[in-house]
Amino acid sequence: MKRREALGGRLARLKKEGLNPPLNEKETKNRQEAFGLSRLEGWTEINPCLWRRSVRYDNPLDESYSRSLVLPADQLVKELIFYDTETTGLSTGAGTIPFLIGIGMIHKEYFDVIQLFLSDYPGEIHLLKELNNIFQEEAVYVSYNGKTYDSHLINTRFLMNGLKVNHRFEVDLLYPSRRLWKKILTDCRLGSIEKDILGINRGPDIPGAEIPDVWFDFLKNGKTEKLERVFSHNLQDIYSLAILLHTIELITDGIVTHIPYDRFALGKLLLFHKRDEGIELLERELKRGNRKAGEFLSLYWKRMGEWEKAVDLWKEMNKRGFHYFSVEELAKYYEHHLKDYGEALKLIDKILKGPVPPSPEIKDKLLHRKKRLIGRLAQRD
DNA sequence: GGCGGTTAGACTTCGACGTA
DNA sequence: TACGTCGAAGTCTAACCGCC
């Protein structure tokens with residue numbers, strides 16, 4: 001009869017090896033067969049219930065995007081980590097876990113994607129530790145909706161497992177994508193952007209809503225048929241993230257012309273980042289008939305104290321037909337900046353008698369302004 | 001179906017200026 | 001000098017949207 005190991009000895013062994021001691025070769029093979037994963041390409045069980053594989057692509061990115069709007073200044077692409085999780089549900093509460101994590105990184109001319117797969121719950125601690133090994137503190141993390149979803153989920157799992165959460169600098173491509181394509185696409189899901197903007201055809205893909213059930217079905221019945229589609233879905237998400245980042249960078253640098261995007265939104269964004277190309281873009285948009293672009297640019301000049309440029313724009317916009325915004329701004333300019341109350345009054349009358357009758361609310365505002373101007377003129381006389 | 005980041009619009013605050 | 005008004009800037013809030 002096998003002698004029971006003394007408690008002290010067992011505790012010492014657990015401390016050294018952890019709750020799940022490493023598997024020997026035979027055990028590994030048995031488990032692969034038991035999980036059915038050995039039939040799937042490239043997977044190795046690196047810890048109990050934690051599997052890993054690497055997939056190599058050509059690098060779709062440039063060396064760096066020194067004038068990037070979405071990345072930190074002079075960010076090198078080799079320090080970027082693209083990531084995406086597949087989870088057991090949508091809630092970021094304690095009951096949801098990531099069972100598959102894809103991590104994309106640049107290695108010289110290659111874009112390598114590491115996938116970590118959890119074949120059962122006890123492997124989670126190993127998954128998180130492995131993630132910690134891969135994640136580097138100085139890296140910049142690129143995701144899609146990761147700020148809201150993936151990063152919270154990962155942080156929650158670290159906390160639940162008593163692991164330290166390191167701060168990660170996150171670049172979420174959802175928001176720049178929304179700016180560029182919100183008005184062009186019906187929605188800005190990654191799949192829609194892939195299909196309609198990046199021209200990527202995924203082929204048969206698994207809908208995200210079905211993903212949790214695939215994993216639960218695998219846990220209960222060991223079914224791996226649909227699992228491969230989940231792995232592919234995750235790989236595609238990671239690779240698309242890289243293509244998307246590259247495309248956004250080319251668009252902001254004015255290199256891409258064949259892809260549709262909201263030029264007004266990009267102009268605003270460039271101007272916000274004090275990039276002169278924003279001015280050119282908004283001027284071009286105004287010439288194409290987009291008065292909103294002119295309004296935005298004129299307010300920018302006004303804020304900068306460049307009155308001449310602002311006034312030129314207001315006058316130019318009015319040449320193209322009556323434009324309430326420009327006339328009102330000119331009236332403000334004459335009243336408050338030049339103290340030319342007579343000219344301001346003429347402009348207010350122009351709006352009141354203009355081709356488009358103002359709403360009662362605006363009319364009240366204009367009449368109030370008119371009364372004030374008449375008072376000031378009388379005072380001056 | 002829960003969560004939370006972003007955004008646009010509403011609201012508030014503040015400084016400049018004119019008037020009594 | 002005190003008060004009122006205006007426009008600009010800053011702050012707040014509600015709605016939207018994408019993740020599985």
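Per chain, numbering begins at 1; letters A, B, ... match sequence-line order.
Residues A/Tyr141 and A/Leu173 do not share a hydrophobic cluster, clusters being chains of Ile/Leu/Val/Met/Phe/Trp/Tyr side chains in contact below 4.5 Å.
Taking the side chain of A/Asp237 as heavy atoms from C-beta on, and the options C/dC6, C/dC20, B/dG18, the nearest nucleotide is C/dC20. Side chain of A/Lys339, nearest nucleotide from C/dC20, B/dC17, C/dC6: B/dC17. Out of C/dG18, C/dA8, B/dA8, the shortest distance to the side chain of A/Arg189 is found at C/dG18. With distances taken from any side-chain atom of A/Leu174 to the nucleotides C/dC20, C/dG18, C/dA8, the minimum falls on C/dG18. Here the nucleotide nearest the side chain of A/Arg369, chosen from C/dC20, C/dC6, C/dA8, is C/dC6. Side-chain atoms of A/Lys332 lie closest to C/dG7 of the nucleotides C/dG7, B/dG2, B/dT6. Residue A/His368 places its side chain closer to C/dT5 than to any other of B/dC17, C/dT5, B/dG2. Residue A/Ile211 places its side chain closer to C/dC20 than to any other of C/dC20, C/dG7, C/dC6. Ranking B/dC3, B/dA8, C/dC19 by closeness to the A/Lys182 side chain, first place goes to B/dA8. Distances were taken from every side-chain heavy atom of A/Arg179 (C-beta onward) to each of C/dG18, B/dT7, C/dC20; the shortest belongs to B/dT7.
A residue-by-residue look at A/His152 and A/Ala209 shows that A/Ala209 has its nearest nucleotide of DNA chain B further toward the 5' end.
Here C/dC16 presents its P atom at 16 Å from OH of A/Tyr175, a figure rounded to the nearest Å. As a whole-Å value, the separation of A/Asp150 CG from B/dG5 P is 13 Å. Taking atom CD1 of residue A/Ile193 and atom C1' of nucleotide C/dG18, one finds them 10 Å apart after rounding to whole Å. As a whole-Å value, the separation of A/Lys302 NZ from C/dG7 C1' is 7 Å. For the pair A/Asp262 CG and B/dT7 P, the computed distance is 13 Å after rounding to whole Å. Per the geometry, CZ belonging to A/Arg303 stands 13 Å off C1' belonging to C/dG10, to the nearest Å. One can place CG of A/Leu373 at 13 Å from P of B/dG18, the figure rounded to the nearest angstrom. Note: CD (A/Glu210) to P (C/dC20) measures 13 Å, nearest angstrom.
In this structure, A/Thr85 reaches the sugar-phosphate backbone alone: every heavy-atom distance under 4.0 Å involves primed, P, OP1 or OP2 atoms, never a base. The residue A/Asp172 sits apart from the nucleic acid: no heavy atom pair falls under 4.0 Å. A/Leu153 comes within 4.0 angstrom of no nucleic acid atom, judged by non-hydrogen atoms across all strands. Within the nucleic acid shown, A/Thr148 comes within 4.0 Å of at least one base atom, counting heavy atoms only.
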Kindly determine whether A/Phe111 and A/Phe82 satisfy ring pair (Phe, Tyr, Trp, His ring centres under 6.0 Å), including the steps that lead there.
-> CA-CA 10 Å; A/Phe111 183 71; A/Phe82 298 79; 5.5 Å; yes

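Remark: the A/Ser119 side chain and the A/Trp51 side chain contain an N/O donor-acceptor pair separated by less than 3.5 Å. Between the side chains of A/Tyr149 and A/Thr87, at least one donor N or O sits under 3.5 Å from an acceptor N or O. For the residue pair A/Tyr83/A/Glu170, the side-chain donor-acceptor check at 3.5 Å is satisfied.
OP1 and OP2 of C/dC6 both lie 4.0 Å or more from every side-chain N or O belonging to A/His336.
The neighbour count for A/Phe272 CZ, taken as heavy atoms of other residues, nucleotides or ligands under 6.0 Å away, does not exceed 12.
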